[in-house]
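Worksheet for the structure shown next.
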Number of protein chains: 2
Amino acid sequence: MPGQHRWRKRFAGHVCRWTMPREAILKLLSQTTKHLSAKEIYSALLRSYPGIGLTTVYRTLDLLEKTGMIKKFNFRQGESRYEFASENKPHHHHLICTSCGKIIDYSDFADEELELVDKSAKHLAEKYKFLVQDHNIEFYGLCQQCQKD
Amino acid sequence: MPGQHRWRKRFAGHVCRWTMPREAILKLLSQTTKHLSAKEIYSALLRSYPGIGLTTVYRTLDLLEKTGMIKKFNFRQGESRYEFASENKPHHHHLICTSCGKIIDYSDFADEELELVDKSAKHLAEKYKFLVQDHNIEFYGLCQQCQKD
DNA sequence: CTGATAATGAAAATCATTTTCATTAAAAAT
DNA sequence: ATTTTTAATGAAAATGATTTTCATTATCAG
Ligand SMILES: [Mn+2]
Ligand SMILES: [Mn+2]
Ligand SMILES: [Zn+2]
Ligand SMILES: [Zn+2]
């Protein structure tokens, strides 16, 4: 019986029961800056919550994504990765090392980027009648360490 | 015994033999503007080349990607999609409809985008010692048709 | 034309993710 | 506090994309 957590209210309308796996997964994601995969989350929780199932991790991640509390990414790796989303965390994008898989957050040029994105969205709406709801910018390359090899 | 195709020379160093599957797959991709999946390519070729294997399609796509003759994309769908790459085809990005999966090429704002990307790459190289080699911009949303539903 | 072997294709294996279904536990009702 | 309802869970099986294995085939150098 998990405590009345501050996150609980954000689930109203999406879900009826507040459970330990949901709390544990959200807590873990909120406390790391990493971009974790479902299996990594599962492994990390096994210590504090033996008996948790990988299936539940996947289901919970889907749920959290739908409520907008986490973001899901498909970098060019096999598995999806997830990160906690919060209002005070700035809009950002990623550098992905194609050699070791390292992921770096960056939010430099957010203003200029947003300007270009907005302009593009408006233009694309007119030209293609396409309603832009989300965008994604990624840089692929080599991290400092991997450039040495 | 496939003819001495104009593409053949581009494989020097990567591959020793020029085969029918390689020619057929490259030809198909060069003639469509669509972003095809491995299975779609396999299905399309079955007519003109019965007996072709899906395995070979995958292997050939990997090869073509390594030689830079095609590009591979992982939109948020289950399967990877591929498009022909050529010098005269302009650098472009994609609008992806999250409802029906439709993919639209666009190259508007290429100049401004490139300017921002270059500036970012330079900055990121300094700040994070990250060597940018490639970038990816995608817009997700609803196509004209799907906005009506 | 012939031999060496790169490339192929069928089948099996892998890997991430989803589905199924019997069991458990959150929380509403008593 | 206890019972009841049923949403949520977790083990196991299923799925779907992609990769690996390996015996066979076909390219192409000699
Ligand atoms: Mn991030
Ligand atoms: Mn394209
Ligand atoms: Zn690296
Ligand atoms: Zn659509």
Side-chain angles (χ1 to χ4, degrees), chain A residues 1-5 7-9 11-26 35-67 70 72-82 101, chain B residues 1-5 7-9 11-26 35-67 70 72-82 101:
Chain A
M1 48 201 68
Q4 304 287 314
H5 199 280
W7 288 314
R8 187 174 181 175
K9 60 182 174 301
F11 283 93
H14 288 282
V15 127
C16 353
R17 295 179 187 177
W18 185 245
T19 65
M20 275 176 81
R22 286 169 184 177
E23 173 141 358
I25 291 168
L26 193 47
H35 305 76
L36 298 173
S37 69
K39 209 172 292 175
E40 286 169 347
I41 292 168
Y42 171 71
S43 300
L45 289 182
L46 268 184
R47 301 171 213 154
S48 54
Y49 188 157
I52 194 169
L54 181 55
T55 307
T56 298
V57 173
Y58 275 109
R59 276 190 294 232
T60 303
L61 290 169
D62 282 352
L63 173 69
L64 292 173
E65 196 204 358
K66 275 182 200 118
T67 67
I70 66 173
K72 178 180 183 175
F73 294 97
N74 291 99
F75 302 124
R76 291 176 191 171
Q77 306 157 165
E79 27 180 20
S80 296
R81 295 191 165 275
Y82 303 84
Chain B
M1 52 200 65
Q4 304 288 314
H5 199 280
W7 288 315
R8 187 172 181 176
K9 59 183 175 302
F11 283 93
H14 289 281
V15 127
C16 351
R17 296 179 186 176
W18 186 245
T19 65
M20 277 176 79
R22 286 169 184 176
E23 174 141 356
I25 291 168
L26 194 49
H35 304 77
L36 298 173
S37 69
K39 209 171 292 174
E40 286 168 348
I41 292 168
Y42 170 71
S43 301
L45 289 183
L46 268 184
R47 302 171 212 155
S48 54
Y49 187 159
I52 193 170
L54 181 55
T55 308
T56 299
V57 173
Y58 275 109
R59 276 190 293 234
T60 303
L61 290 170
D62 282 352
L63 174 69
L64 292 173
E65 197 204 356
K66 276 182 198 116
T67 67
I70 66 172
K72 179 179 183 176
F73 294 97
N74 292 99
F75 301 124
R76 292 175 192 171
Q77 305 157 165
E79 27 181 17
S80 296
R81 296 191 164 273
Y82 303 84

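All heavy atoms count here, side chains included; hydrogens, waters and symmetry mates do not. Here is how names work: the chains are called A, B, and so on, in the same order as the sequence lines, proteins then strands, and each is numbered from 1. Quick caveat: nothing in here was measured; it's all calculated off a predicted structure.
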Can you tell me the distance, in whole Å, between the CG atom of B:L54 and the P atom of D:dA17? 10 Å
Distance check needed: C:dA7 C1' versus B:E23 CD, whole Å only. 15 Å
Can you confirm whether A:I70 sits close enough to A:I25 that some side-chain heavy atom of one is under 4.5 Å from a side-chain heavy atom of the other? no
Going by side-chain contact (heavy atoms from CB on, under 4.5 Å), A:K72 matches just one of A:H35, A:R81, A:E65. Which one? A:E65
If I compare all heavy atoms of A:L45 with all of A:A24, which pair ends up nearest, and what's the gap? CD2-O, 4.0 Å
For B:Y42, report the nucleic acid contact type (base, sugar-phosphate, nothing); a contact means any heavy atom under 4.0 Å. nothing
How many Å lie between CD on A:Q77 and C1' on D:dT18, as a whole number? 16 Å
Consider side-chain contact (heavy atoms from CB on, under 4.5 Å). Of B:L64, B:V57, B:D62, which one does B:T60 pass it with? B:L64
Rounded to whole Å, the CG-P distance (A:L45 to D:dT9) equals 12 Å
OP1 or OP2 of C:dT17 sitting under 4.0 Å from any side-chain N/O of A:S80? yes
Of the nucleotides C:dG9, C:dT19, D:dT18, which has the atom closest to the B:Y58 side chain? D:dT18
Can you name the closest pair of heavy atoms from B:L54 and B:A38 and give their distance? CD1-O, 4.0 Å
DNA chain D nearest-nucleotide lookup for B:S37 and A:I52: closer to the 5′ end is A:I52
Could you write out DNA chain C as a dot-bracket string, with dots for unpaired bases, | for bases paired across to another strand, and Watson-Crick or G-U pairs counted at under 3.5 Å? ||||||||||||||||||||||||||||||
Selected nucleotide, minimal atom distance to B:R8 side chain, candidates C:dT17, D:dC28, C:dA10: D:dC28
Please list, for nucleotides 6-8 of chain D, all pairs of protein and nucleotide N/O atoms separated by less than 3.5 Å.
from: D:dT6; atom 1: O2; to: A:R17; atom 2: NH1; distance (Å): 3.2
from: D:dT6; atom 1: O2; to: A:R17; atom 2: NH2; distance (Å): 2.9
from: D:dA7; atom 1: O4'; to: A:R17; atom 2: NE; distance (Å): 3.3
from: D:dA7; atom 1: O4'; to: A:R17; atom 2: NH1; distance (Å): 3.4
from: D:dA7; atom 1: O4'; to: A:R17; atom 2: NH2; distance (Å): 3.3
from: D:dA7; atom 1: N3; to: A:R17; atom 2: NH1; distance (Å): 2.8
from: D:dA8; atom 1: OP1; to: A:C16; atom 2: N; distance (Å): 3.2
from: D:dA8; atom 1: OP1; to: A:R17; atom 2: N; distance (Å): 3.3
from: D:dA8; atom 1: OP1; to: A:R22; atom 2: NH1; distance (Å): 3.0

